[in-house]
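All heavy atoms count here, side chains included; hydrogens, waters and symmetry mates do not.
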Amino acid sequence: MYYGKMTKKLEKLYSEYEKVWGHDPSGCLDAEYAGNEYAEYVKDIKKALEMGVELPDIYPHDDEY
């Protein structure tokens with residue numbers, strides 16, 4: 001979930017993300033971003049799109065080790 005401001009840039013990323021996975025990244029309950037983490041959130045959405053994975057999967061999970 002993301003608890004911050006919405007911008008045109010973020011709206012565009014939401015649209016791109018939704019085209020791939022059928023929902024916007026704010027619905028990913030396993031990924032939480034505070035309102036002051038806008039830059040990190042945008043960076044992570046871009047990374048998820050580049051990697052072809054959903055937002056929670058851009059970082060390894062502890063249970064995979």
**Student:** Any idea which heavy atoms bring K5 and L10 closest together, and the distance?
**Tutor:** O-CD2, 3.6 Å
**Student:** Quick one, E37 and Y2 - any side-chain contact, counting heavy atoms below 4.5 Å?
**Tutor:** no
**Student:** Minimum heavy-atom separation for Y17 and L49, please, with both atom names.
**Tutor:**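 Result for this residue pair: CA-CD2, 3.9 Å.
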**Student:** At what distance, to the nearest 0.5 angstrom, does CD of E11 lie from CG of D24?
**Tutor:** 11.0 Å
**Student:** Minimum heavy-atom separation for W21 to G52, with atom names?
**Tutor:** CZ2-C, 3.6 Å
**Student:** Report the distance from atom CD of E32 to atom OH of Y41, rounding to the nearest 0.5 Å.
**Tutor:**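 Output value for this atom pair is 10.5 Å.
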**Student:** So, for I45 and P25, which heavy atoms are closest and what is the spacing to 0.1 Å?
**Tutor:** CD1-CG, 3.6 Å
**Student:** If you count the non-hydrogen atoms of other residues, nucleotides and ligands that lie under 6.0 Å from NZ in K47, is the total more than 12?
**Tutor:**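 Counting other residues, nucleotides and ligands, NZ of K47 exceeds 12 neighbours.
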**Student:** Mind checking the CG-CE spacing from D44 to M51? Nearest 0.5 Å is all I need.
**Tutor:**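 Interatomic distance, D44 CG to M51 CE, rounded to 0.5 Å: 10.0 Å.
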**Student:** Using 4.0 Å as the upper bound for N to carboxylate O, is an ion pair formed by E16 and K12?
**Tutor:**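 Result for this pair is yes, salt bridge flagged.
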